[in-house]
Amino acid sequence: SQVAMYTAKRRSEDIVVYKSDFVTSTPESLSLLSELRRAVTNNELRVYLQPKVSTANHKVVAAEALVRWQHPEKGLVPPYKFVPFAEQTGFIREITKWMISALAEQWQALQQENRLFRVSVNLSTRDLLSPSFPDYVRQTLDTFDVPTSGVCLEITESAIMDDPAFAEQTLAKLSNMGFRLSIDDFGTGYSSLGYLKRLPVNELKVDQSFVFGMMDDANDRTIVQSTIDLAHNLGLDVVAEGVETAEMYQVLGELGCEEAQGYFIGKPMPIEAFLTWREQWQEE
Ligand code: C2E
Ligand code: CA
Ligand code: CA
Ligand code: CA
């Protein structure tokens, strides 16, 4: 079948990391890199999904995909232990590709009747600076009949500001292909309001630090409110992350934030667990 052929093709593809990508090449970093290569070929990476709900009707409208590494000796390794390293070395491009094909394979299982269920993927600056990235993603999704409108790409301000002109080109391409684009950790990077106006983004994600702070810090509350207003004035939707309590969820709804994500709603879960969780959430 087409799917089997595709999988075989992916497996046989060599994972190449160019020498010029190395920032450091200590023995530790070289062994971590070879372990990461093995992780991809031996299927040790896992997709975890964290729900996003609409504050208007409490429905689960989307999920963010977050990578985990099921290491044979170390157990489940969180992203902070290998994603920054993968970004430095350029290997993150392989992780992103792996993530996108893993999600594409699960796409049908994630869909529900009558409504498009969206999935968000985190991109790094390396993905944005890779000229072949947009076509690669679209081809992968096409293989599994996944519409680009169902995929949201989350990008941090700092990933864009690394090479704003090039990032702008890539984002324009992705937007023209129909992807939804989101600015992650908004408010923590360089101020890029000038770019925000020019970039074809659809959504802003209020950083969790402001969400945590807003319950007892008037300045954080002001930042959250201003971000929501700014986003709406630019025609963008707002997602809040780090929503840990019922009070936060309620306040964000009152401030006009469209979607919420956080431990109060659900933690990141393996796909199977996510599907069970979603059914239970909808029965309540
Ligand atoms: P992020 O994109 O800002 O993702 C949100 C992080 O906040 C996730 O951590 C999530 O588990 C955590 N979180 C969500 N809700 C709450 C909450 O209510 N309270 C608290 N305290 N935390 C919450 P995680 O999964 O450990 O990921 C950390 C970071 O690693 C991500 O931050 C992202 O920058 C990066 N990352 C994860 N997966 C990928 C990936 O596939 N590709 C890339 N490029 N980066 C990834
Ligand atoms: Ca994110
Ligand atoms: Ca974030
Ligand atoms: Ca973050």
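Every number for a ligand or one of its atoms is a count from 1 in the order of the listing.
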Can Asp162 and Arg126 be counted as an ion pair, charged N to O under 4.0 angstrom?
no
Over-ring placement of Arg278 relative to Phe117, 6.0 Å and 45° cut-offs:
yes
Tell me, please: is Glu64 in heavy-atom contact with ligand 1, that is, under 4.0 Å?
yes
Ligand 1 to Val83, heavy atom cutoff 4.0 Å, flagged ligand atoms 45 (N)
We want to know whether Ser124 and Asp127 form a side-chain donor-acceptor pair, criterion being a heavy-atom distance below 3.5 angstrom.
yes
Test item, Pro78 contacting ligand 1 (heavy atom, 4.0 angstrom)
no
Carefully, step by step, assess Asp229 and Gln225 under the rule side-chain hydrogen bond (donor to acceptor under 3.5 Å, both in side chains).
CA-CA 6 Å; Asp229 294 345; Gln225 177 73 79; 3.1 Å; yes
Atoms of ligand 1 under 4.0 Å from any heavy atom of Ile92, numbered from 1 in the order shown, are 44 (N)
Give the contacting part of Phe212 toward ligand 1: side chain, backbone, both or neither, where contact means a heavy-atom distance below 4.0 Å.
side chain
On a heavy-atom basis, I'd like to know which of Phe264, Tyr263, Tyr48 is closest to atom 18 (O) of ligand 1.
Tyr263
Identify the heavy atoms of Val211 and Glu241 that sit nearest to each other, and give their distance.
CG2-O, 3.3 Å
Side-chain atoms of residues 252-263: list all donor-acceptor pairs with protein atoms under 3.5 Å, sequence neighbours left out, distances to 0.1 Å.
residue	atom	partner	partner atom	Å
Glu254	OE2	Gln250	NE2	3.0
Glu258	OE1	His232	NE2	3.2
Glu258	OE1	Val238	N	2.9
Glu258	OE2	His232	NE2	2.9
Glu259	OE2	Arg118	NH2	2.8
Gln261	OE1	Lys205	NZ	2.8
Gln261	NE2	Gln50	OE1	2.8
Gln261	NE2	Glu64	OE1	2.7

min-distance N/O/S atom, Glu154 vs the Ca ion (ligand 2), resolves to OE1
At less than 4.0 angstrom from any non-hydrogen atom of Pro79, what atoms of ligand 1 do you find?
24 (P), 25 (O), 26 (O), 27 (O), 28 (C), 30 (O), 37 (C)
Can a donor-acceptor pair be found, under 3.5 Å and without considering hydrogens, that links the side chain of Asn42 to the backbone of Glu44?
no
The atoms of ligand 1 lying under 4.0 Å from a heavy atom of Asn122, numbered in the order shown, are 2 (O), 42 (N), 43 (C), 44 (N), 45 (N)
As a test of reading the structure, name the N/O/S atom of Asp185 that is nearest the Ca ion (ligand 3).
OD1
Does Lys205 have a non-hydrogen atom less than 4.0 Å from ligand 1?
no
In terms of atom number and element, which parts of ligand 1 are under 4.0 angstrom from non-hydrogen atoms of Pro268?
11 (O)
How about Glu241: does one of its N, O or S atoms come closer than 3.0 Å to the Ca ion (ligand 3)?
yes
Flag the pair Glu35 and Lys81 as a salt bridge only when some basic side-chain nitrogen lies within less than 4.0 angstrom of an acidic carboxylate oxygen.
no
I want to confirm something. Looking only at heavy atoms, which of Met99, Arg93, Glu244, Gln50 is nearest to atom 14 (C) of ligand 1?
Gln50
Numbering the atoms of ligand 1 from 1, which are under 4.0 Å from a heavy atom of Gly262?
15 (N), 18 (O)
Among N, O or S atoms, Asp184 approaches the Ca ion (ligand 2) most closely through OD2
Below 3.5 angstrom, do we get any N/O pair linking Glu154 and ligand 1?
no
Ring pair (Phe, Tyr, Trp, His ring centres under 6.0 Å) between His58 and Tyr249: does it pass, once the steps are laid out?
CA-CA 10 Å; His58 313 302; Tyr249 181 70; 5.6 Å; yes
I'd like the name of whichever of Val121, Leu66, Thr125, Asp207 reaches closest to atom 8 (C) of ligand 1 through any heavy atom.
Leu66
Among residues at least two apart in sequence or on other chains, which ones pass ring pair (Phe, Tyr, Trp, His ring centres under 6.0 Å) with Phe133?
none
Among Lys81, Gln208, Arg68, whose heavy atom sits nearest atom 6 (C) of ligand 1?
Gln208
Got an N, O or S from Ser182 under 3.0 Å of the Ca ion (ligand 2)?
no
Check for me whether Glu241 has a heavy atom closer than 4.0 Å to any atom of ligand 1.
yes
One residue to check: Thr96. Relative to ligand 1, which of side chain, backbone, both or neither has a non-hydrogen atom less than 4.0 Å away?
neither
Return yes if a side-chain donor-acceptor contact under 3.5 Å exists between Gln282 and Gln112, otherwise no.
yes
Between Asn57 and Ser54, is there a side-chain donor-acceptor contact under 3.5 Å, judged purely by atom types and distance?
yes
Glu64: which N/O/S atom is nearest the Ca ion (ligand 2)?
OE2
Which bit of Asp185 gets closer than 4.0 Å to ligand 1, counting heavy atoms only: side chain, backbone, both or neither?
side chain
CA sep, side-chain torsions, deciding dist, call: Thr148, Val151, side chain to side chain contact (heavy atoms under 4.5 Å, CB included):
CA-CA 5 Å; Thr148 51; Val151 178; 5.8 Å; no
For Phe166 and Pro131, work out which heavy atoms get closest and say how close.
CZ-CG, 4.2 Å
